[in-house]
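Below: one structure, written as structure tokens.
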Amino acid sequence: MAVRFIGNKQKLLDFILQKVIEETNLTSGLFVDLFTGTTSVAIGAKKLGFDVITNDKLISSFIYSKAGLLVNEEPRFENLLPNIDVNTDSLFEQPYDLVLQYLNNLPEIEGLFYKEYAPGGSAKYLSEPRQYFTDNNAKKIDAIRIKINYWYKKKLIDDIERSLLISSLILATNKVANISGTYGAYLKSWYNRALEKIELERYPLFFSNGNYSVFNEDANNLVKKLKTADIVYIDPPYTKRQYNAYYHIPETLAIGDNPKVWGKTGQRPRQGDETSAYCYKREARNALHELVNNIKARHIFLSYSTDGHISHNEILDILSTKGEPKYWGVDYKRFRSNNPEGGKIEGLKEMLYYVEVID
Ligand SMILES: C[S@@+](CC[C@H](N)C(=O)[O-])C[C@H]1O[C@@H](n2cnc3c(N)ncnc32)[C@H](O)[C@@H]1O
């Protein structure tokens, strides 16, 4: 999925999956993705033939997981279609396409997104209006999200169908967001794509008949409750950037509420503990240590950056409690296979670690 997301492993996916296969000799069994983000690695594992469990603290990631893992046949929207004005006799279009067309053609509404995240609405009360979206796109987003949440409330769509439509909406929103990568700030001048008209498209689906489960909690808590897996993949944050703050707008779309947003960038108010221990230098190492200690699996893979809070040697120490770790330095431009000479990893950005757990 082409979502702009810090740490999205889409570009490294082939490399990661190749190592998974080479090291474990597995293409089936249970694969757990504890910090699933955009779900790119989890979907890769699903495509290979694994049963998959995903988890993430973000509600938007939970929504993508439901769409990407739990939809395993062409969605029918059976309760909804008789209640909306679409041509259900169409021989060529699937119900999902018809619903997207219907949503794309809704009249605009001046709701939360227009009032808080577009210049026309926010100029009414802010001296520096926010410009995450053009006025028209923001009003369109409002119309679509209000309609999807109304359908859900009226039980015309179920939770999975809502997740699929919201995933389509988050992807479309991401394409026209006037940001340089995260929602931590908007750009002062308009990015070309932000001026294009928002258009919902199908969320990429892959149907399979494995067992899939999705969770939305702190990985360190979840891991204590999970059954034994074949492979656990760990991809925690490695800098101080808290994902809930950087992706507050997808979170609002996923949650479907109308929060009282604050500050220059229109952040959501905090609800409970959304921050991650992995984003604090003083906590990250202990959090990873505790997590690894509680994993019940034969194979553990970990992605981390050489710029991260936890040093390469600290990671090796932690993984050594389970077995003999291996690692590969992965440059975005080229892959350097196996352990770099003398363990030197200068200039490399992404590391992939692996340990086979010794009983
Ligand atoms: C580096 S990103 C993962 C990227 C993902 N592999 C992908 O390809 O998109 C880290 C993810 O960890 C999540 N996260 C941070 N702390 C967490 C925690 N304690 N428990 C569960 N998820 C957490 C963040 O919300 C974020 O989605």
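We use all heavy atoms of the structure for the numbers below, so side chains are in, but hydrogens, waters and symmetry mates are not. Whatever order the structure lists them in is the order used to number ligands and atoms, beginning at 1.
- The shortest N or O to N or O distance between S40 and ligand 1 is below 3.5 Å.
- Residue contacts with ligand 1: D235 is placed with a nitrogen or oxygen under 3.5 Å of a nitrogen or oxygen of the ligand (distance criterion only).
- With ring centers used as reference points, Y353 lies 6.0 Å or more from Y304.
- Every atom of ligand 1 is numbered from 1 in the order shown, and the set under 4.0 Å from a heavy atom of E217 is 20 (N), 21 (C).
- Closest approach of K224 and K296 over heavy atoms only: O-NZ, 3.5 Å.
- Considering backbone and side-chain N/O of D56, one or more are found under 3.5 Å from N/O of ligand 1.
- Those atoms of ligand 1 with a heavy atom of D218 less than 4.0 angstrom away are 19 (N), 20 (N).
- Atom 16 (N) of ligand 1 has as its closest protein heavy atom S276 OG, 2.6 Å.
- Counting heavy-atom neighbours within 6.0 Å of N83 CG, excluding the residue itself, gives a total above 12.
- Residue contacts with ligand 1 for Y238 are absent, since no atom lies close enough (heavy atoms, distance under 4.0 Å).
- In this structure, atom 22 (N) of ligand 1 lies nearest to the protein heavy atom K57 N, 3.2 Å.
- Relative to the ring axis of Y354, K326 does not place its NZ or CZ within 45° and under 6.0 Å from the centre.
- Around atom NZ of K155, no more than 12 heavy atoms belonging to other residues, nucleotides or ligands sit under 6.0 Å away.
- Using 4.0 Å as the threshold, N220 has no heavy atom nearer than that to any atom of ligand 1.
- Annotation: Q18, atom CD; neighbour count of heavy atoms from other residues, nucleotides and ligands within 6.0 Å is above 12.
- For Q10, the heavy-atom gap to ligand 1 stays at 4.0 angstrom or more.
- In this structure, the protein non-hydrogen atom closest to atom 1 (C) of ligand 1 is Y243 OH, 3.3 Å.
- The residue among C279, P237, G308 with a heavy atom at the shortest distance from atom 15 (C) of ligand 1 is P237.
- With a 6.0 Å radius and a threshold of 12 heavy atoms from other residues, nucleotides or ligands, N87 has its CG atom above the threshold.
- Around the CH2 atom of W190, the shell of radius 6.0 Å holds more than 12 heavy atoms that belong to other residues, nucleotides or ligands.
- At least one N/O-N/O distance between A219 and ligand 1 falls below 3.5 Å.
- Ranking the protein heavy atoms by distance from atom 9 (O) of ligand 1 puts T38 OG1, 2.6 Å first.
- Given atom 23 (C) of ligand 1, the protein heavy atom at minimum distance is F35 CD2, 3.4 Å.
- Between Y278 and ligand 1, no pair of N/O atoms sits closer than 3.5 Å.
- Residue N55 places no N or O, backbone or side chain, under 3.5 Å from any N or O of ligand 1.
- Looking only at distances, a side-chain donor or acceptor of R130 sits under 3.5 Å from a matching main-chain atom of E116.
- Counting non-hydrogen atoms of neighbouring residues, nucleotides and ligands closer than 6.0 angstrom, the OH atom of Y150 reaches no more than 12 such neighbours.
- Using bins of under 30°, 30° to 60° and over 60° for the plane-to-plane angle, the ring pair W151/Y102 lands in the tilted bin.
- Atoms of ligand 1 found under 4.0 Å from any heavy atom of K9 (numbered from 1 in listed order, with element): 6 (N), 7 (C), 8 (O).
- Short contacts between ligand 1 and L58, defined as distances under 4.0 Å to a heavy atom of the residue, involve ligand atoms 25 (O).
- In K322, the NZ atom is crowded: over 12 heavy atoms of neighbouring residues, nucleotides or ligands sit closer than 6.0 Å.
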